[in-house]
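We name chains A, B, ... by the order of the sequence lines, and we start the count at 1 in each one. For the numbers below, each heavy atom of this structure counts, side chains included, while hydrogens, waters and symmetry mates do not. It should be emphasised that the depicted structure is a prediction, and the values quoted were computed from it without experimental measurement.
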Amino acid sequence: GAGVSQSPSNKVTEKGKDVELRCDPISGHTALYWYRQSLGQGLEFLIYFQGNSAPDKSGLPSDRFSAERTGGSVSTLTIQRTQQEDSAVYLCASLIPNRNTEAFFGQGTRLTVV
Amino acid sequence: AQKITQTQPGMFVQEKEAVTLDCTYDTSDQSYGLFWYKQPSSGEMIFLIYQGSYDEQNATEGRYSLNFQKARKSANLVISASQLGDSAMYFCAMREGDSNYQLIWGAGTKLIIKP
């Protein structure tokens with residue numbers, strides 16, 4: 001597809017279960033972000049991948065959160081032992097990392113932990 | 001310290017009026033870029049407009065323009081002739097420096113256009 005694709009679009013999971021969220025960036029975009037957005041709030045930075053550089057994981061809220069990006073393309077965000085406070089929309093964005101290029105966002109995954 | 005500040009959590013504007021959404025930023029870099037995004041209730045993030053720190057003219061894109069005041073470190077978004085479909089959250093973001101293309105986001109402004 002032409003845009004950033006995220007799956008699933010919605011995920012309901014039981015507290016304590018692990019979940020995996022997927023992001024397919026735009027082809028050729030070497031930079032990729034994961035954000036979390038709670039209802040009515042701004043974007044909370046989670047992790048940033050840029051080419052072959054070590055990812056910036058400074059935004060991951062706990063060691064239950066991890067992410068990887070395989071082959072410089074698809075990225076997965078994994079949340080282990082989910083908690084109710086993990087409920088949010090998880091947004092992925094990709095871009096060509098130049099100063100003046102905009103980030104393109106996926107539609108997000110709405111995660112609900114019950 | 002906040003790097004991007006959006007001081008208006010919410011705004012109500014009459015349809016067809018112009019609206020200015022405030023954004024101030026803090027950086028010591030000479031090279032940076034400023035972005036505005038719109039997020040309607042459907043949730044998608046829509047890129048609106050970009051202003052580079054070295055751009056001498058204010059950016060414009062259709063009904064959107066950016067009032068860039070470099071000395072005051074402000075990059076306000078102006079929407080002319082507002083429409084009901086402009087109701088959304090609006091986010092200001094900055095990318096600074098040449099070696100790290102991290103985006104720094106403001107908290108957003110919720111704009112509601114009244115008919």
- Note on the structure: Distance col, row Q39(B):CD vs F105(A):CZ, nearest 0.5 angstrom, shows 8.5 Å
- Should the heavy atoms of other residues, nucleotides or ligands under 6.0 Å from NZ of K57(A) be counted, would the total exceed 12? no
- Query: Quick check: are there more than 12 heavy atoms from other residues, nucleotides or ligands sitting under 6.0 Å from NZ of K70(B)?
  - Reply: yes
- Residue pair E44(B) / L91(A), side-chain heavy-atom distance below 4.5 Å: no
- Hey, is CD on Q30(B) packed in by over 12 heavy atoms from elsewhere, all under 6.0 Å? no
- Message: I'd like to know whether CG of L84(B) has more than 12 heavy-atom contacts from other residues, nucleotides or ligands below 6.0 angstrom.
- Response: yes
- Query: For the hydrophobic clusters of this structure (ILVMFWY residues joined by side-chain heavy atoms under 4.5 Å, transitively), does one cluster hold both V19(B) and F68(B)?
  - Reply: yes
- May I ask whether W36(B) and Y64(B) are part of the same hydrophobic cluster, defined by side-chain heavy atoms of I, L, V, M, F, W, Y residues being less than 4.5 angstrom apart, directly or through others? yes
- Do the side chains of I47(A) and V89(A) join up, straight or via other hydrophobic residues, at under 4.5 Å, putting them in one cluster? no
- Indicate the atoms forming the closest heavy-atom contact of T101(A) with R95(B), along with that distance. O-NH1, 2.7 Å
- Query: Taking every heavy-atom pair that is under 4.5 Å apart, which of Q107(A), E44(A), E102(A), R110(A) has the most such pairs with chain B?
  - Reply: E102(A)
- Within 6.0 angstrom of E14(A) CD, more than 12 heavy atoms from elsewhere: no
- Task: Apply the test side chain to side chain contact (heavy atoms under 4.5 Å, CB included) to residues L103(B) and Y35(A): give CA-CA distance (whole Å), side-chain angles for both, the deciding distance (0.1 Å), then the verdict.
- Result: CA-CA 11 Å; L103(B) 272 172; Y35(A) 293 98; 3.7 Å; yes
- Contacting region of A93(A) [heavy-atom separation from chain B under 4.5 Å]: neither
- Message: As an exercise, state the distance from CZ of F104(A) to CD1 of I46(B), rounded to the nearest 0.5 Å.
- Response: 12.5 Å
- Task: Sort Q6(B) into side chain, backbone, both or neither according to what part of it lies under 4.5 angstrom from a heavy atom of chain A.
- Result: neither
- Message: For Q37(A) versus F91(B), what's the shortest heavy-atom pair and its separation?
- Response: NE2-CZ, 3.6 Å
- Query: Would a 4.5 Å heavy-atom cut-off, applied to side chains only, mark L95(A) and F47(B) as touching?
  - Reply: no
- Message: I want to check something: taking the side chain as every heavy atom from C-beta on, are F45(A) and W105(B) in contact at a cut-off of under 4.5 Å?
- Response: no
